[in-house]
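No experiment lies behind these values; they were computed from the predicted model shown. Quick note on labels: first sequence line is chain A, next is B, and so on, each numbered from 1.
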Protein chains: 2
Amino acid sequence: MGISERKKKILAAVVDEYVRTAEPVGSKSIAANAGLGCSSATIRNELAELVSLGYLEQPHTSAGRIPTPMGYRLYVNELMQKQKLSLEETEDINRRMNQKLRELDDTIGDISRLASQVTNYPALALTTRTAVTIKRFDLIYVDANTFIIVALLSDNTVKNKLVKLPVSVDQKLVQRLSALFNSGFTNITEEAVTPLLINSTERAADDTMGVTSVIAAFVIETLSSAVAPSAFVSGENRLLNQPEFRDPDKAHKLMGYLSGGGYILPSEESLDEAGEIKVLIGPENVAEELKDSSVVIATYDAGDNTRGMIGVIGPTRMDYSTVAAKLSILAAGLSRRLGGGEAPPEGMHNKLIIKGDRENE
Amino acid sequence: MGISERKKKILAAVVDEYVRTAEPVGSKSIAANAGLGCSSATIRNELAELVSLGYLEQPHTSAGRIPTPMGYRLYVNELMQKQKLSLEETEDINRRMNQKLRELDDTIGDISRLASQVTNYPALALTTRTAVTIKRFDLIYVDANTFIIVALLSDNTVKNKLVKLPVSVDQKLVQRLSALFNSGFTNITEEAVTPLLINSTERAADDTMGVTSVIAAFVIETLSSAVAPSAFVSGENRLLNQPEFRDPDKAHKLMGYLSGGGYILPSEESLDEAGEIKVLIGPENVAEELKDSSVVIATYDAGDNTRGMIGVIGPTRMDYSTVAAKLSILAAGLSRRLGGGEAPPEGMHNKLIIKGDRENE
DNA sequence: ATTAGCACTCGAAAGGAAAGAGTGCCAACA
DNA sequence: TGTTGGCACTCTTTCCTTTCGAGTGCTAAT
């Protein structure tokens, strides 16, 4: 199976150099820089073999080599040296996360922005929740036409809504409804909110003005939007940093896809264990628009059945190791802050577990 | 003073054509299309004069003419025929607004996205509030370590926060604090939340565990973020539709500026009366990055001391009249929905009041 | 005042030559 | 057998020149 050690070194050198320069890399520069003691002619022979093995390709005869997706895959799985960020970088990321997260509730937008800033690629953040329920209701009576619904969800976020009624409603009714909803509508999922339940509540509360249905609508709305995966893409413009997107049409196409909330993630169920990093290279992506881009995704644990992902999108020629390291820090930070549970201490460089498609194993 | 009627017609023809094609327009095509009965030679003479008057310019000798910012200004102020959108278009916009706004609280992001979709230019939305206060507090006791702060603001939005304490706190204390905050912290602005006030409240509540300061922090945070102007830019990628931004560097620069929340708006106090449309052409913009772009801004009234703006950014060669018409509908819709007050009925095409710099009057 | 005609200008597009990077292969070598 | 220097070859990139054409400015005629 495997290929010779030297071939691997050469492949790694090609990838590193290509990532850095975005230019096809020639035998000469490898001989000069990669520090294996042999001449360019030898390298040429090896390169030719790597091409026929499918790890590299040539844009045209008499140009240098660039990695194929298969080449990147091997690089990511085996070759790339796990990037240790400097302590300053790590601290910087953590500090910025602290600033942003002070008030983090559902502002995954901030996370996404942060990831984009830190990596200098477009980034996306998304969360999927399963089975969110309401833990507790409170109805706050404000005045005869107005009350506030407050709901504490099972994921410990709080939703509210100010309700203005066209009719007056008396405080007693609000209290009755508050009690009824607390007993009848807590700890149930959206599907369990049936017209039957609503009707019987309405009758029990002796509500002749339709207040019950207003509250029920809020419940449904809250539960369904809480469960709906929410996504946020930001920093699309950073795509234009990359030489491969200097063609405005290409850039536009991908950016349009991204900001359309285009979906990227492999598929819902492949949200892996928190802490893992997943790399999808070029054609490994499902979406047509991403076929020649790569996506690096980190999964974090946001507690209570909530999994989140942060990821970045870039050209296949991407600085996988740095990006993976940075995302890993972000994901660990998020797990620590949101997961509620026991989490690795802040300062620690956490181990990267890189995982990708299985096709090369 | 003004220039001859025919010159105006010619100028309008140049702008219209240039907006459509993005190519310098020559005397011949004007003679053919503008329908004033004279030959291209005559047009040429007129064009030459328009150039020397400063309304047009030539990229180079022997090219057609393109409008200068001054030319656009005249066009916007006097020449452009107010676009009447078709009924379908109007309805479409209103319908989409209805969908989005159902749950509009502070999701100006949605508005911005909508504006961008509708106009096909990048769009921004922003709101400035002045003097927001808290109308009413409720502290909801959840368990010994947990309570929820609910605040109803003067602009009728509700903010909340779930507070988890490291220590147990008894229900009585929560009630006392609730009452104290309701009397002491309502109807005051951020500046009035002094350490003195906080201290005295803490003492009055007999709070030895620092709960008071947690709530006070929430108050400060809430008031300051409510007053902070919030902005949202979206659809940056649509910039790439425009031929003048095919140069990725140019595009990147502007997009970076935009998504950096770069600020565009002329200046805070120039938020004009709701219903007005403001056009800033090229160098009329203050920001260096916008010097060769144009901005069209509509102001709407969001009720209770809140003014909002929605605007779009595009090249100076912009379809001002359509954009103005569309923004006008959006702004009217927002005023109607958010302003609470009396507003023009939905179906009505509202009159455009276009306002720009005064320099040409 | 308008128009037809014409020489002129200047950019954009097309063609071609030269430069340069990098390869593939061969013959020599350890 | 694996490695190396050398060299001819290929293909792209760049630059220069030429050509083409749109559009002008001017002039003389109406």
Next on the checklist: With salt bridge (Lys or Arg N to Asp or Glu O under 4.0 Å) as the criterion, how do B/Arg246 and A/Asp249 come out once you've worked through the C-alpha distance, each side chain's angles and the decisive distance to 0.1 Å?
Outcome noted: CA-CA 9 Å; B/Arg246 292 201 68 79; A/Asp249 293 324; 3.2 Å; yes
Next on the checklist: Using a 4.0 Å cut-off on heavy atoms, which residues in residues 56-67 of chain B reach DNA chain C? List them by number, or say none.
Outcome noted: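 Heavy-atom contacts with DNA chain C come from B/His60, B/Thr61, B/Ser62.
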Next on the checklist: Near DNA chain C, counting only heavy atoms under 4.0 Å, which residues of residues 23-33 of chain A show up?
Outcome noted: A/Gly26, A/Ser27
Next on the checklist: Evaluate B/Arg317 against B/Glu244 for salt bridge (Lys or Arg N to Asp or Glu O under 4.0 Å), listing each step before the verdict.
Outcome noted: CA-CA 9 Å; B/Arg317 181 193 60 78; B/Glu244 26 275 278; 2.6 Å; yes
Next on the checklist: Between B/Thr42 and B/Asn45, is there a side-chain donor-acceptor contact under 3.5 Å, judged purely by atom types and distance?
Outcome noted: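 No donor-acceptor contact under 3.5 Å links the two side chains.
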Checklist entry - Using a distance-only test with no angle check, is there a side-chain donor-acceptor pair under 3.5 angstrom linking A/Ser234 and A/Ser116? => result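 Short answer, no.
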Checklist entry - What pairs of residues pass the salt bridge (charged side-chain N to carboxylate O under 4.0 Å, His left out) test when at least one of them lies in residues 47-59 of chain B, not counting sequence neighbours? => result B/Lys7-B/Glu49
Checklist entry - Do any pairs count as a salt bridge (charged side-chain N to carboxylate O under 4.0 Å, His left out) and have a residue in residues 287-298 of chain A, sequence neighbours left out, and if so which ones? => result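 Checked against salt bridge (charged side-chain N to carboxylate O under 4.0 Å, His left out) - neighbours excluded - no pair reaches residues 287-298 of chain A.
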Who pairs with [X] by side chain to side chain donor-acceptor pair (under 3.5 Å), at least two apart in sequence or on another chain?
{"X": "A/Ser294", "answer": "A/Tyr320"}
{"X": "A/Thr119", "answer": "none"}
{"X": "B/Asn33", "answer": "none"}
{"X": "B/Asp92", "answer": "B/Arg95, B/Arg96"}

Atom pairs and distances, donor-acceptor, side-chain atoms in residues 8-16 of chain B, under 3.5 Å, two or more places apart:
| from | atom 1 | to | atom 2 | distance (Å) |
| --- | --- | --- | --- | --- |
| B/Lys8 | NZ | B/Glu78 | OE1 | 3.2 |
| B/Asp16 | OD1 | B/Tyr75 | OH | 2.7 |

Checklist entry - Which whole-number value in Å describes the distance from B/Glu49 CD to D/dT24 C1'? => result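 Taking atom C1' of D/dT24 as the reference, CD of B/Glu49 is at 15 Å.
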Checklist entry - 5' to 3' on DNA chain C, which nucleotides open and close the contacts with chain B (atom under 4.0 Å from a heavy atom)? => result C/dT2 to C/dG11
Short N/O separations, protein against nucleotides 1-3 of chain D, under 3.5 angstrom:
| from | atom 1 | to | atom 2 | distance (Å) |
| --- | --- | --- | --- | --- |
| D/dT3 | OP1 | A/Arg6 | NH1 | 2.9 |
| D/dT3 | OP2 | A/Arg6 | NH2 | 3.0 |

Next on the checklist: Going by side chain to side chain contact (heavy atoms under 4.5 Å, CB included), name the residues that satisfy it together with B/Pro24, two or more places apart in sequence or in a different chain.
Outcome noted: B/Pro59, B/Ile66
